Amino acid sequence: MMRTREAGSLRPGDVGSTVVLAGWVARRRDHGGVAFVDVRDASGVAQVVVRDEEVARPLRSEYCLRVVGEVAARPAGNANPNLETGEVEVIASTVEVLSESAPLPFPIEEHSATPVGEEVRLKYRYLDLRRPDMARNLRLRADVTRIIRSVMAEQRFLDIETPYLTRSTPEGARDFLVPVRLQPGSWYALPQSPQLFKQLLMVAGLERYFQIARCFRDEDFRADRQPEFSQLDIEMSFCDSGDVQGIIEVLLERLWRELLGYSVPLPIPRLTYAEAMRRFGIDRPDLRFGCELVDFTEYFADTPFRIFRAPAGSTGEGPADFHVGAVVMPGGASQARKELDAWQDWARSRGARGLAYVLVDADGELGGPVAKNLSEAERAGLAAHAGAQSGDCIFFAAGKRSDALGLLAAARVEVGERCGLIDHEAWEFVWVVDAPMFDPVETPDGTPAWTAIHHPFTAPVDDMAADFHSRPGEALSKAYDIVLNGSEIGGGSIRIHRSEMQQRVFDVIGLSRDEATSQFGFLLDAFAYGPPPHGGIALGIDRLCALLAGTDSIRDVIAFPKTASGGDPLTGAPSPITAAQRAETGVDARPNHSSPASS
RNA sequence: GGCCCCGUAGCGCAGUUGGUUAGCGCGUCGCCCUGUCACGGCGAAGGCCGCGGGUUCGAGUCCCGUCGGGGUCGCCA
């Protein structure tokens with residue numbers, strides 16, 4: 001039996017040879033007593049010439065075929081550049097219909113210019129995945145995981161599986177819960193990440209662990225967020241931040257080189273969190289374009305314009321938390337009033353009161369409603385301080401520092417897109433390092449309180465190791481995020497491995513010994529037995545694949561994704577359960593005993 | 001939980017100030033053409049205008065509610 005060839009693999013060198021093709025009828029045309037049948041498989045399309053009218057007649061789109069035939073050169077001028085194989089065709093000697101197809105619910109052909117609604121695509125996902133673009137995406141994803149496993153093996157990492165039925169731990173997101181028939185009233189949780197298990201593996205002395213792990217978080221959806229997602233999870237012992245980053249750099253370089261032929265310049269640049277916030281207003285900056293933010297807080301310290309002045313004597317938030325910043329839109333002064341108003345709507349849709357702006361006209365004179373509220377001196381130096389040229393528009397945001405920076409960061413990206421400043425061919429990787437350890441929490445009585453930004457096992461930077469607990473607002477952590485074109489594709493940290501230091505973190509975030517024991521007792525127990533210094537990282541596989549595939553939605557790189565409401569139109573999940581299932585799984589039962597985390 | 005956009009034939013869409021029989025393209029089915037390749041020509045079938053209520057002489061169109069899809073803020077340590 002001849003081996004079946006892939007339709008997309010036929011080349012002029014195959015002319016004269018006999019091949020077997022298996023695939024689906026993408027299209028049929030009849031001419032001159034023969035049928036021209038485009039046969040498609042996951043690798044591409046080949047044109048098959050069927051001369052036997054009796055055989056050709058019943059062929060319809062998406063019939064599944066096996067064709068045996070001879071490869072022939074196409075007549076001159078008949079090659080179709082739209083097909084992946086434009087130079088050869090297969091003259092069929094036998095055509096076997098393996099199965100027939102009902103009329104299609106939506107067009108599958110690649111060149112169908114009109115997009116198809118996502119719901120109908122998901123309902124018939126098995127047809128959607130026949131589309132060449134989708135097949136290409138899934139092939140790409142398989143290549144990604146193949147390369148990951150290859151690189152991790154070369155780097156001597158062990159692929160170790162961790163439980164999917166595990167204990168609910170108070171991590172950031174809501175857990176998906178699973179009732180336990182054997183213990184009515186008690187529940188497993190699906191892991192939000194293998195974080196605690198991989199640290200236990202370090203205590204176990206495995207030294208280098210990785211896993212392509214499914215993670216589960218019961219939170220609302222986004223274009224780049226699903227309730228279950230895949231991450232490359234890595235942990236290693238006796239390492240520092242640079243060791244972990246180095247592994248990831250090797251991996252990213254290999255992925256981009258093998259899949260896109262792009263050479264990632266190494267090492268990937270480092271940016272501190274503080275610098276990222278100062279220059280871009282966000283901890284995942286898009287470095288494909290400039291338009292960096294400008295700080296105007298000092299500049300307007302004594303301004304007569306109330307909006308740009310820190311609220312005096314307000315309780316709770318001190319002036320230190322007040323920020324005025326700006327971003328310049330090149331050529332933005334020529335925007336019509338309607339466009340400038342549209343920016344206000346844009347800002348309000350993001351929860352801001354508006355977006356102040358100053359226009360710099362051709363003579364360098366300032367225009368717009370804000371300008372007349374400023375002092376003579378402020379107007380004189382404004383454009384220069386912002387770095388604005390004649391014809392530019394300067395957008396301002398003022399208020400609580402995190403709010404103002406958040407609005408400016410979004411405005412910067414919007415400016416980049418509207419002004420065409422973003423090079424969509426570019427790949428700008430950056431490590432964002434030295435994130436703060438703690439975030440202030442607003443408490444009803446105004447007493448200072450703190451929460452861990454990353455997770456409570458993240459180690460402080462070396463020169464703060466001794467006293468971070470006495471100045472939590474300044475404490476920086478050994479955390480690192482890998483950012484690509486404004487998307488966070490991974491993040492990790494060096495962990496705390498000494499109980500004394502761990503206790504100081506718990507003290508800062510107000511976690512009592514009892515609470516810590518009940519929440520992570522099993523991890524703290526393990527850390528009593530000589531845990532090695534260790535650290536790790538996790539990369540979001542779905543986002544990574546979406547970026548490599550050039551799509552905005554991770555649904556395009558997931559075979560069977562869910563809709564925004566968490567449903568799957570194909571299977572109908574989630575669905576109600578029967579009364580018998582309720583009784584058997586004990587979902588309504590109360591726990592009949594308590595199960596402490598630690599002995 | 002908030003906000004924005006979209007639900008009209010299998011698919012993609014149009015439908016004007018509320019007005020008679022709701023259109024277009026693709027697809028499907030039939031016939032014709034016959035080295036075509038997003039072929040071409042002629043014809044036909046195909047509609048609970050998401051659902052429920054309201055306003056009106058009259059609703060695809062206006063109002064309220066609801067369901068579904070997409071986006072976004074909150075959320076996602």
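Below, read A as the first sequence line, B as the second, and so on, with proteins coming before strands; counting in each chain starts at 1. As the structure is a computational prediction, the values presented were derived from the model and not from experiment.
- With respect to A/Asp30 and A/Arg28, a salt bridge is recorded, a charged nitrogen being found less than 4.0 Å from a carboxylate O.
- B/C42 and B/C24 have their P atoms separated by 14 Å, with the value rounded to a whole Å.
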Open item on the list: Using a 4.0 Å heavy-atom cut-off to protein, can you give one letter per nucleotide of nucleotides 68-73 of chain B, 5' to 3': B if the base is in contact, S if only the sugar-phosphate is, - if neither?
Closed with: SSSSSB
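- B/A14 makes up no base pair with any nucleotide shown, lacking Watson-Crick or G-U wobble contacts both under 3.5 Å.
- Distance noted for atom P between B/C11 and B/U17: 28 Å (whole Å).
- A salt bridge links A/Asp233 with A/Lys198: at least one charged nitrogen is closer than 4.0 Å to a carboxylate oxygen.
- Atom P of B/C49 sits at a distance of 15 Å from the matching atom of B/G7, rounded to the whole Å.
- With C1' as the reference atom, B/G15 and B/C62 are 16 Å apart, rounded to whole Å.
- Between A/Leu539 atom CG and A/Gln231 atom CD the span is 9.0 Å, to the nearest 0.5 Å.
- Note on A/Gln226: nothing from the nucleic acid sits closer than 4.0 angstrom, heavy atoms only.
- Distance check on atom P: B/A59 versus B/U16 gives 16 Å, rounded to whole Å.
- Ring-centre distance between A/Phe527 and A/His534: below the 6.0 Å cut-off.
- Rounded to the nearest Å, the gap between the C1' atom of B/U56 and that of B/G19 is 12 Å.
- Rounded to the nearest Å, the gap between the C1' atom of B/G70 and that of B/C26 is 23 Å.
- Within the 4.0 Å cut-off from OP1 or OP2 of B/C75, not a single side-chain nitrogen or oxygen of A/Arg217 is found.
- Using a 4.0 Å cut-off between a side-chain N of Lys or Arg and a carboxylate O of Asp or Glu, A/Arg121 and A/Asp556 qualify as a salt bridge.
- In this structure, the side chains of A/Ile496 and A/Val505 come closer than 4.5 Å at one or more pairs of heavy atoms.
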For nucleotides 28-30 of chain B, tabulate all protein N/O to nucleotide N/O atom pairs closer than 3.5 Å, reporting atom names and distance.
| from | atom 1 | to | atom 2 | distance (Å) |
| --- | --- | --- | --- | --- |
| B/C29 | OP1 | A/Arg60 | NE | 3.2 |

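- Applying the Watson-Crick and G-U wobble criteria (two distances, each under 3.5 Å), B/C33 pairs with nothing in any strand.
- As rounded to the nearest Å, B/G40 and B/G46 have P atoms that lie 25 Å from one another.
- For A/His31, taking side-chain heavy atoms from C-beta onward, the closest of the listed nucleotides B/U36, B/C76, B/C11 is B/U36.
- Put simply, the side chain of A/Leu407 reaches to within 4.5 Å of the side chain of A/Leu355, judged on heavy atoms.
- Within the 6.0 Å centre-distance limit, the rings of A/Phe395 and A/Trp343 are counted as a close aromatic pair.
- Defined by atom type and a distance below 3.5 Å, a donor-acceptor pair is missing between the side-chain atoms of A/Gln519 and A/Arg167.
- Across the strands present, B/U28 finds its partner in B/A44; the criterion is a Watson-Crick or G-U wobble pair with both atom distances under 3.5 angstrom.
- A 3.5 Å limit on both hydrogen-bonding distances identifies B/C67 as the Watson-Crick or G-U partner of B/G7.
- Rounded to an integer number of Å, the gap from A/Phe106 CZ to B/G25 C1' is 19 Å.
- Looking at which nucleotide of RNA chain B each of A/Val120 and A/Glu89 is closest to, the 5′-most match is held by A/Val120.
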TODO: Check step by step if side-chain hydrogen bond (donor to acceptor under 3.5 Å, both in side chains) holds for A/Gln226 and A/Asp542.
DONE: CA-CA 9 Å; A/Gln226 286 267 311; A/Asp542 307 286; over 6 Å; no
